[in-house]
*Asks:* 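I'd like to ask you about the structure that follows.
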Amino acid sequence: MDCDAIIVGAGLAGLVAANELVQAGRKVAVVDQENAANLGGQAYWSFGGLFLVDSPEQRRLGVRDSFDLAWSDWRGSAGWDRLDGALAEDEWAARWGRAYVEFAAGEKRDWLRRHGIRLTPMVGWAERGDGRAEGHGNSVPRFHVAWGTGTGVSGPFAARALEAQAQGRLTFHFRSRVDQLIVEAGRVTGVSGVRLAPSEAPRGAASSREVVGDFTLRAPSVLIATGGIGGNHDKVRRFWPKRLGRPPRTMVTGVPAYVDGRGLDIAEAAGARLVNRDRMWHYVEGLRNWNPIWPGHGIRILPGPSSLWLDALGRRLPFPALPGYDTLSTLRYLRTTPDLAEHDHSWFILTQSIIEKEFALSGSEQNGDITSGDWLRVLKTRLGKGASPEVEAFKAKGADFVVAQELETLVAGMNALTPTPLLKTEAVRRVVEARDAQIANPFAKDLQIQGVHNARRYLGDRLARVARPHRLLDPAAGPLIGVKLSVLTRKSLGGVQTDLDSRVLRGDGSVLEGLYAAGEAAGFGGGGAHGYNALEGTFLGGCLFTGRAAGRAMAERAG
């Protein structure tokens, strides 16, 4: 044996598992097809959102939360419906879901602090839900943001791995592409693949696939931590579920190209059971990045609740297809409505006042203030006048933004961004004026305006996230802004089925000895811990939780 454990994938889940193994005195090999610049994987690029329950940060902002409320929200969002039979796809997924909520309501915050992760005082209210108490959505704000954004979550584990490397307890095998799991007598005993030519490509950029050699590594246990399929649009379309209608012809990509699903195929070829592959999490507020790093690079808007959302034909989207409420309901509406399915875009109409208060862009590089960890800079950006520099750059340089003083000019500019003019100025005006009429007093029958008033009752939203209600056609709030939105690929919610020790299961439900899976490759636990819907702030946390479980189980096996 070359080491005690092999980890395939140098992203967050893999690094967390490696840390557990090293702390237990085990010798670890970490294998990744990219270069060392990509240490930390997708997590590095994230906004750093973490789902926590009944935290001090919540309580300071007047939020009352509990495990019972969070578990009710999680179950209502997950909607697990594959629980029958001896080999139910959701059997282990539901167990992982409950275990994760218990972690988030229990030791998670202290565990994060012990591992060098600190939280900002901000708690966001993501996925506000479908309007049903027992349905999808967060009843209260739970989206905690790490200092340093995604770099503040992945960085401490990357540093620990590099320290272990210096001490001779961990070996990195970068530019090593695993092509096969070695299976002997029904047990996974190693990996084999090819060495790729050295690459100086910057983090996230596409790299060469030139083969310069091959390799084999052996160990008593192997962890698959290779992520999902979001960088491979062909696979996204292959597993796109009928319930979400027709997949878009064009999408923007929210993850680097190396998130290609190869690890899932390799695990399946070795005998692993893959489940719930039709469950996926793609956003409908995607932008083309004016300064791309990877092919088709898209950025997601994390919207506040005030922007007016129109379909490609200029009609207002119905509840719960509102900004920040129900991601997959919105995606389903846009892809299944008969006269919309041929169009791959929708629109936000908003004002300068709204963009300054409510627009955040997902990603560590799009939130320089929080990524820097400079508290004074954060105060100036988030509470001061104007939008963040990154948002203003997109408004000025992004191909999907139109800015105008008058509605007629705005609509003309929006029509210029599509092959065929689809918007009628008078029809758009009617929608805008009907919305604006609901702003006259603090009462409204409009569900979106009701939601804005409700959001501003929460101190965190009122201070830094939700604009004061105003008419879109109020010149004092202008100029008007139109934003063309695309579907942005992101996460796989299904994957390799695992038990609570992250051991991979076969098609007959038995354990595939020697093989483990964590992170997105495991559907963030059990092949589908989120079910059909995520509550946000749960992807990084899922990598942390499953990576921890896998590392501990593998360390025990190697003992």
Side-chain angles (χ1 to χ4, degrees), residues 125-131 136-137 244-245 248 252 282-287 298-337 339-341 343-355 357-362 394-395 400-402 407 410-411 413-415 417-418 422-424 427-439 444-455 465-467 469-473 477 480-488:
W125 197 349
E127 286 297 296
R128 298 172 193 238
D130 64 6
H136 168 57
L244 293 181
V252 293
H282 306 307
Y283 293 107
V284 278
E285 312 101 332
L287 303 172
I299 295 293
R300 186 214 170 188
I301 300 169
L302 284 71
S306 301
S307 295
L308 182 65
W309 206 333
L310 305 182
D311 64 30
L313 303 178
R315 302 169 303 200
R316 192 175 183 184
L317 270 58
F319 184 86
L322 301 176
Y325 274 73
D326 190 333
T327 293
L328 289 194
S329 283
T330 307
L331 178 60
R332 182 169 56 249
Y333 177 81
L334 292 173
R335 302 311 309 161
T336 60
T337 301
D339 58 354
L340 294 179
H343 305 295
D344 293 341
H345 69 281
S346 60
W347 296 98
F348 275 169
I349 291 182
L350 59 149
T351 65
Q352 181 67 24
S353 294
I354 292 173
I355 202 172
K357 194 84 165 182
E358 299 195 8
F359 263 39
L361 301 173
S362 182
F394 262 85
K395 192 183 79 172
D400 297 314
F401 282 75
V402 179
L407 187 62
L410 183 79
V411 173
M414 294 162 69
N415 276 330
L417 296 185
T418 58
L422 300 173
L423 304 176
K424 306 297 184 184
V428 173
R429 180 178 293 279
R430 283 194 296 272
V431 174
V432 171
E433 289 180 344
R435 179 263 184 206
D436 281 2
Q438 295 288 302
I439 300 295
K445 68 178 182 180
D446 185 284
L447 289 174
Q448 182 175 8
I449 303 306
Q450 289 179 9
V452 171
H453 290 311
N454 186 48
R465 196 69 177 104
V466 182
H470 60 273
R471 293 181 298 109
L472 295 177
L473 297 181
L480 289 164
I481 302 168
V483 186
K484 184 183 177 187
L485 307 173
S486 300
V487 173
L488 177 141

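In this text, all values refer to a predicted model and were calculated from it rather than measured experimentally. Below, all heavy atoms of this structure are taken into account, side chains as well, without hydrogens, waters or symmetry copies.
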*Asks:* Measuring from atom CG of Leu340 to atom CG of Leu334, what distance do you get when rounded to the nearest 0.5 angstrom?
*Replies:* 6.5 Å

*Asks:* CH2/Trp347 to CG/Leu422 distance, rounded to the nearest 0.5 angstrom?
*Replies:* 9.0 Å

*Asks:* So, Ser353 and His470: side-chain donor and acceptor under 3.5 Å apart, yes or no?
*Replies:* no

*Asks:* Provide the closest heavy-atom pair for Arg435 versus Arg471 in the form atom of the first, atom of the second, distance.
*Replies:* NH1-CA, 3.9 Å

*Asks:* Show the nearest heavy-atom pair for residues Pro320 and Tyr325, with the distance to one decimal.
*Replies:* O-CB, 3.5 Å

*Asks:* Which heavy atom of Tyr333 sits nearest a heavy atom of Thr337, and at what distance?
*Replies:* O-OG1, 2.7 Å

*Asks:* Whether the side chain of Arg332 engages the backbone of Leu244 through a donor-acceptor N/O pair (distance < 3.5 Å, no angle test) should be reported.
*Replies:* no

*Asks:* Could you tell me the separation between the CD1 atom of Ile299 and the OH atom of Tyr283, rounded to the nearest 0.5 Å?
*Replies:* 12.5 Å

*Asks:* Looking only at atom types and distance, does a side-chain atom of Glu358 sit under 3.5 Å from a main-chain N or O of Ser306, one as donor and one as acceptor?
*Replies:* yes

*Asks:* Begin with the C-alpha distance, continue with both residues' side-chain angles, and end with the deciding distance and a verdict on side-chain contact (heavy atoms from CB on, under 4.5 Å) for Lys357 and Val466.
*Replies:* CA-CA 6 Å; Lys357 194 84 165 182; Val466 182; 5.6 Å; no

*Asks:* To the nearest 0.5 Å, what is the distance between CG on Asp436 and CG on Asp446?
*Replies:* 10.5 Å

*Asks:* Step by step, would you call Leu485 with Ile301 a side-chain contact (heavy atoms from CB on, under 4.5 Å)?
*Replies:* CA-CA 9 Å; Leu485 307 173; Ile301 300 169; 3.8 Å; yes

*Asks:* With Val428, which of Val411, Leu410, Leu308 fulfils side chain to side chain contact (heavy atoms under 4.5 Å, CB included)?
*Replies:* Val411

*Asks:* Looking only at atom types and distance, does a side-chain atom of Arg300 sit under 3.5 Å from a main-chain N or O of Gly286, one as donor and one as acceptor?
*Replies:* no

*Asks:* Taking atom types as modelled, is there a side-chain donor on Gln448 or Arg316 under 3.5 Å from an acceptor on the other?
*Replies:* yes

*Asks:* For residues His453 and Pro469, report the shortest heavy-atom separation together with the two atoms involved.
*Replies:* CE1-CG, 3.9 Å

*Asks:* For Ala455 and Pro305, work out which heavy atoms get closest and say how close.
*Replies:* CB-CG, 4.2 Å

*Asks:* Would you say Gln450's side chain and Ala444's backbone share a donor-acceptor pair under 3.5 angstrom?
*Replies:* yes

*Asks:* After noting the C-alpha distance and the side-chain angles of Leu317 and Asp311, does the key distance pass the side-chain contact (heavy atoms from CB on, under 4.5 Å) rule?
*Replies:* CA-CA 6 Å; Leu317 270 58; Asp311 64 30; 3.8 Å; yes

*Asks:* Quick one: do Leu287 and Val252 satisfy side-chain contact (heavy atoms from CB on, under 4.5 Å)? Show the steps, please.
*Replies:* CA-CA 7 Å; Leu287 303 172; Val252 293; over 6 Å; no

*Asks:* Between Arg128 and Leu322, is there a side-chain heavy-atom distance shorter than 4.5 Å?
*Replies:* no

*Asks:* Could you tell me whether Asp400 and Lys395 have a side-chain N and a carboxylate O separated by less than 4.0 Å?
*Replies:* no

*Asks:* Check whether any side-chain N or O of Asn415 sits under 3.5 Å from a backbone N or O of Leu423 as a donor-acceptor pair, and report yes or no.
*Replies:* yes

*Asks:* Atom CG of Leu473 and atom CG of Leu480: how far apart are they, to the nearest 0.5 Å?
*Replies:* 6.0 Å

*Asks:* With rounding to the nearest 0.5 Å, note down the distance linking CH2 in Trp309 to OG1 in Thr330.
*Replies:* 4.5 Å

*Asks:* Answer whether the closest heavy-atom distance between the side chains of Lys445 and Gln438 falls below 4.5 Å.
*Replies:* yes

*Asks:* Heavy-atom distance under 4.5 Å between the side chains of Leu472 and Ile354, does that happen here?
*Replies:* yes

*Asks:* Looking only at non-hydrogen atoms, find the nearest pair between Pro248 and Asp344 and report the distance.
*Replies:* CA-OD1, 3.5 Å

